[in-house]
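Single-structure report; data block below.
So that the names make sense, note that chain A is the first sequence line, chain B the second, and so on, each numbered from 1.
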There are 2 protein chains.
Amino acid sequence: MVQYARPLARLVGEFEKLPGIGPKSAQRLAFYVLRLSEEEGQALADAIVEVKRRIGYCRVCFNFTDQEVCDICRDTRRDAGLLCVVADPRDLVAMEKTGEFKGLYHVLGGVLAPMEGIGPDQLKIRELLARLRENDMREVVIATNPNVEGDATAMYLATHLKNLGVRVTRIAHGVPVGGDLDYADQATLIQALDGRREM
Amino acid sequence: MVQYARPLARLVGEFEKLPGIGPKSAQRLAFYVLRLSEEEGQALADAIVEVKRRIGYCRVCFNFTDQEVCDICRDTRRDAGLLCVVADPRDLVAMEKTGEFKGLYHVLGGVLAPMEGIGPDQLKIRELLARLRENDMREVVIATNPNVEGDATAMYLATHLKNLGVRVTRIAHGVPVGGDLDYADQATLIQALDGRREM
């Protein structure tokens, strides 16, 4: 019923497809793009096309990269004996932002979800095992999310990795820093209690 | 510190410039674009470039359009004696969504804001007055927002439009439908009382 001019309607439609962007936000973004200069609009469009053309997966860790092997895997200052396993490239970014982890990564590309047809063969688990056989690793830190699929994936990995004789750990779960006991759910509190440490 | 591959960093940066998109949303959008097919990514990029190239202002009402005169202005089924004045094309869209307004529009392109250097000459007020002189209008409905600038703009317009002998009204302000008296602010309640009608 509402009459956007056709190119505008098309852009609103394209924005609406993006995650977390509803009709209202899509409209706001489209009107914003209309106010950009020609060059700014082109820069945004180019960045989208460019990322599709130039970004692929790292041959070693399966993180996104524009090279064959990503910057992290090629960084010789990093601890090559320590490997953090994450489900998704976004989780890798979250870990990197801490600035605390100095080892390497392995991106699974998801978590086990049998209901959705995602088994071990759909993830980069075979590649992980091969990588551990070929490289001498001291410890594998599993950093999947603390939910059903993340837990199941962690359990599955732990079983198979221990067979290779490598130490397997998982990141701690508990009350988040700055969080409030009062507002923490029971499952989190149980995890927090379970993981308590000497002071 | 965080190492996105360069094309990815660039796209995240471009998304971060958009209104209401913080670093986290920008990252989510960029990763989403990475998962699109080549064609889908191209479609999004094209829509952005296209909108910049093809959309301009309607010569009559200053709404966005891809023609010289927009669909609404050219629609002969609409009431040409009734004109709704809005600040922004988005406000026009909001009015159109009601499906209730059958007249024409005039988009001011902003509101009076002397502190930011926006006076009558920066808005399409001269064009509005000319339009009213040239066309026989029955009524002008002012639909600027109920805030300081919107009120000042409405007052300014009312004064000048009445000189032309046209009837000038303003949309009602009050407690929103589905709203709660208890949560309505005082200014709104005062407006609601002020605008009370016979039942």
Side-chain angles (χ1 to χ4, degrees), chain A residues 1-8 10-15 17-21 25 27-34 36-56 58 63-67 70-72 75 88-90 92-99, chain B residues 1-15 17-21 25 27-34 36-56 58 63-67 70-72 75 88-90 92-97 99:
Chain A
M1 193 177 58
V2 183
Q3 308 293 339
Y4 291 121
R6 203 157 309 115
L8 189 52
R10 182 177 157 207
L11 183 59
V12 172
E14 288 291 337
F15 278 138
K17 293 182 195 164
L18 299 177
I21 306 290
S25 302
Q27 186 199 305
R28 193 182 54 203
L29 292 177
F31 278 108
Y32 175 83
V33 169
L34 269 177
L36 291 178
S37 72
E38 188 95 24
E39 297 79 52
E40 289 168 324
Q42 192 65 55
L44 174 57
D46 287 348
I48 289 166
V49 174
E50 191 79 336
V51 92
K52 294 298 309 164
R53 202 169 47 206
R54 297 219 1 229
I55 296 278
C58 170
N63 184 21
F64 288 128
T65 179
D66 56 345
Q67 289 148 318
C70 75
D71 285 341
I72 294 177
D75 186 345
D88 196 281
R90 272 170 296 187
L92 185 156
V93 171
M95 289 295 289
E96 277 297 280
K97 277 187 180 154
T98 66
Chain B
M1 193 177 56
V2 183
Q3 308 293 338
Y4 292 121
R6 203 158 308 115
L8 189 53
R10 183 179 156 206
L11 183 58
V12 172
E14 288 292 336
F15 278 138
K17 291 182 196 165
L18 299 176
I21 306 289
S25 302
Q27 186 198 305
R28 193 181 55 204
L29 293 176
F31 278 108
Y32 175 83
V33 168
L34 269 177
L36 292 178
S37 72
E38 189 95 23
E39 297 78 53
E40 290 168 324
Q42 191 66 54
L44 175 57
D46 288 347
I48 290 166
V49 174
E50 192 79 334
V51 92
K52 292 299 306 165
R53 203 169 45 207
R54 300 222 355 233
I55 297 278
C58 170
N63 184 21
F64 288 129
T65 179
D66 57 345
Q67 291 148 317
C70 76
D71 286 340
I72 294 177
D75 186 345
D88 196 281
R90 272 170 297 187
L92 184 157
V93 172
M95 289 296 287
E96 276 298 280
K97 277 187 180 153

Top contributor to chain A contacts, counting heavy-atom pairs under 4.5 Å, from Leu29(B), Asp88(B), Leu18(B), Leu34(B) | Leu34(B)
Heavy-atom pairs under 4.5 Å with chain B, option from Pro89(A), Pro19(A), Cys70(A), Gly13(A) with the top count =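 Most pairs with chain B among the choices: Pro19(A).
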Set of side chain to side chain contact (heavy atoms under 4.5 Å, CB included) partners for Asp66(A), sequence neighbours left out |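 In terms of side chain to side chain contact (heavy atoms under 4.5 Å, CB included), with neighbours along the sequence ignored, Asp66(A) is linked to Arg54(A), Ile55(A), Ala5(B), Arg6(B), Pro7(B).
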Sequence neighbours excluded, which residues qualify as side chain to side chain contact (heavy atoms under 4.5 Å, CB included) partners of Ala47(A)?
-> Arg10(B), Leu11(B), Glu14(B)
Checking heavy atoms, do the side chain of Ser25(B), its backbone, both or neither come under 4.5 Å from chain A?
->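 When you check distances to chain A, no heavy atom of Ser25(B) falls under 4.5 Å.
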When the 4.5 angstrom heavy-atom criterion is applied to Ile21(A) and chain B, the contacting part is side chain
Measuring from Leu92(B):CG to Tyr4(A):OH, what's the distance to the nearest 0.5 Å?
->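 Those atoms lie 10.0 Å apart.
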Side-chain touch Arg90(B)/Gln27(A), heavy atoms, less than 4.5 angstrom =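 Arg90(B) vs Gln27(A): side chains touch.
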What are the two closest non-hydrogen atoms of Val33(B) and Lys52(A), and how far apart are they?
->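 Heavy atoms only, the tightest pair is O-CD, 3.0 Å.
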With side-chain contact (heavy atoms from CB on, under 4.5 Å) as the test, would you mind laying out the steps for Ile48(B) and Leu36(A) before giving the verdict?
-> CA-CA 10 Å; Ile48(B) 290 166; Leu36(A) 291 178; 6.0 Å; no
